[in-house]
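Shown next, in structure tokens, is the structure this report addresses.
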Amino acid sequence: MKNVLFVASECVPFIKTGGLADVIGSLPKYIDKKKYDVRVILPKYLCLPEKYSSQMKYVTHYYTDFCWRNQYVGILEMEYEGIHFYFIDSEFYFGGPWPYHNMYEDIEKFAFFSRQVLSCLPLIGFRPDIIHCHDWQSGLVPVYLNDSFQGDMFFMGIKTIMTIHNLKFQGTWDVSTIKNMTGLSDYYFTPDKLECYGNGNLLKGGLVYADAITTVSETYAQEIQQPFFGEGLDGLMRAKAGQLRGILNGIDYKIYDPETDPALTRKYNTTTAIEGKRANKIALQKELHLKEDGDVFMIGIISRLTSQKGLDLIRHVIDEILTDDVQLVVLGTGEKQYEDLFNWHASQKPDRVSSNIYYSEELSHRIYAACDLFLMPSLFEPCGLSQLMSLRYGTLPLVRETGGLKDTVTDFQNGSNTGNGFSFANYNAHEMLFRLQFAKNLYYRHREQFNEMVIRAMECDYSWDASAKKYEELYASLTPEEKPKAKKKASEKK
Ligand code: GLC
């Protein structure tokens with residue numbers, strides 16, 4: 001049995017701002033329990049829902065010097081759905097209404113977190129063979145392990161993995177501030193370590209010191225070796241290409257299951273999908289005060305409303321998208337310019353456009369069930385989870401061919417009647433619009449072909465099963481079994 005510790009800044013169901021939380025909350029459940037004891041360590045944010053924090057049990061506490069202050073550190077734990085979670089408690093760092101604040105404060109907060117992840121290990125009775133770090137917030141774990149813990153017998157031989165969920169976020173600030181906050185010496189702030197274009201960079205530290213690097217799709221693993229997607233680290237990614245691999249994310253097929261989903265008005269499977277989706281469409285129209293019409297072509301967008309998600313393309317051609325025979329449902333929050341865009345169109349066409357500027361897990365499930373097309377034309381997309389959710393619910397994704405979108409959605413081919421969605425190559429609003437009009441035409445004029453594709457989409461398997469095996473292979477390659485030493489034969493003994 002090998003021990004693995006996940007280190008992350010968010011995790012479903014405790015705290016979520018993006019797809020990272022879904023991955024941390026589901027992947028550990030799918031790793032073979034006979035071979036690996038996977039546990040997860042998170043900050044105990046003050047904003048965690050009380051229904052979870054009230055279940056946590058005290059493990060231990062200590063005081064530590066960090067960033068010129070003496071700090072209390074508490075360790076709590078709880079079991080949730082068969083997974084053991086640890087929480088690091090510090091009201092000084094993890095107070096506040098939201099996990100993230102501004103980068104300046106966040107860097108100190110997550111440097112503290114990363115250091116305490118290591119400091120607490122000898123006290124909690126769990127020695128990981130592998131520490132699996134996720135995104136920049138845990139980037140200093142491999143660095144601190146190298147810097148201050150390696151001399152200690154307890155830590156010797158612990159391996160680290162750095163998984164990139166989004167290379168855009170790196171945790172950078174000027175070198176002297178980061179040096180001061182982290183307590184790391186000058187030695188670390190050279191271009192082959194944490195220094196990056198004059199700044200200090202926490203993710204880069206993790207990438208340099210980790211024993212293996214992964215990212216969340218094979219295409220993204222290739223893309224980040226190019227300047228356009230590399231966010232300044234493409235050179236490092238090329239240099240590390242031998243240690244870098246892409247492992248596609250999955251989704252939790254028990255939670256995202258139209259056959260059992262309690263949020264839906266009508267449950268359905270591949271045999272009942274077409275009537276089932278129609279019933280869910282009418283129910284959603286009722287709920288959102290849209291015109292009730294089971295036959296109208298309904299487009300869904302569920303997304304963080306940021307430029308990464310290709311919303312500039314949508315804005316550019318939104319009038320052409322919103323023809324009389326289309327309904328649009330939007331769910332998510334983000335940049336004001338995009339929130340305003342959808343709110344404006346909803347105010348102009350209230351019976352056809354519904355703009356929901358908040359996030360609701362339940363409503364998201366009902367949108368996945370009700371829509372015909374899911375629009376996700378991202379500029380870049382490390383993996384993307386919502387296209388996987390929409391496939392599971394038989395809503396055909398329209399995506400740009402980048403990152404995980406390219407690896408999971410295959411464009412409809414007319415002659416052979418294959419594919420599970422629609423895609424286009426260039427970041428160009430009209431290319432997207434033409435594919436959208438093609439999809440709409442297929443829906444209105446060749447419904448049989450469209451419906452066959454709905455079933456094909458639902459039959460795709462993007463559960464965690466295959467990907468969890470790939471992580472297990474990676475864990476095994478980092479922790480080879482020691483061969484038992486051959487006993488000396490009696491004749492060899494002197
Ligand atoms: C980030 C990426 C997204 C990915 C998710 C989980 O949110 O932007 O593409 O699916 O992390 O890995």
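Residues: numbered from 1 along the sequence shown. Read the numbers this way: they start at 1 and go in the same order the structure lists the ligands and their atoms. Atoms considered below: every heavy atom in the structure, side chains included; atoms not considered: hydrogens, waters and symmetry mates.
Listed by number with element, the atoms of ligand 1 under 4.0 Å from a non-hydrogen atom of N166 are 8 (O). For ligand 1 and V23, the ligand atoms under 4.0 Å from any heavy atom of the residue are 6 (C), 12 (O). For ligand 1 and R304, the ligand atoms under 4.0 Å from any heavy atom of the residue are 8 (O). Under a 4.0 Å criterion applied to the non-hydrogen atoms of P382, ligand 1 contributes the atoms 2 (C), 8 (O), 9 (O). Taking a cut-off of under 4.0 Å to the non-hydrogen atoms of G19, the atoms of ligand 1 that pass are 5 (C), 6 (C), 7 (O). Ligand-side atoms of ligand 1 in range of N249: 6 (C), 10 (O), 12 (O), range being under 4.0 angstrom from any heavy atom.
Contact annotation for D22 and ligand 1: no heavy atom of the residue comes within less than 4.0 Å of the ligand. With a 4.0 Å cut-off on non-hydrogen atoms, H134 does not touch ligand 1 at all.
Of the protein's heavy atoms, G384 N, 3.7 Å lies nearest to atom 4 (C) of ligand 1. The nearest protein atom to atom 3 (C) of ligand 1, hydrogens excluded, is given as E381 OE2, 3.4 Å; this is a heavy-atom distance.
Between K33 and D37, no side-chain nitrogen of the basic residue sits less than 4.0 Å from a carboxylate oxygen of the acidic one, so the salt-bridge criterion is not met. Contact check on D372 versus K277 returns no salt bridge, with no Lys/Arg side-chain nitrogen under 4.0 Å from an Asp/Glu carboxylate oxygen.
At a 4.0 Å cut-off, not a single heavy atom of K168 sits close enough to ligand 1 to count as contact.
Side-chain contact annotation: T163 with H132, donor-acceptor N/O pair under 3.5 Å present. In this structure, a donor-acceptor pair under 3.5 Å is absent between the side chains of D465 and S467.
Between F85 and F14, the distance from one ring center to the other falls under 6.0 angstrom. The aromatic ring centres of F380 and F229 sit 6.0 Å or more apart.
For atom 2 (C) of ligand 1, the nearest non-hydrogen atom from the set Q387, K309, H165, Q308 belongs to H165.
Using a 4.5 Å heavy-atom threshold, the side chains of N3 and F126 count as touching.
Because its NZ or CZ atom is both nearer than 6.0 Å to the ring centre of Y144 and within 45° of the ring axis, R115 counts as a cation-pi partner of that residue.
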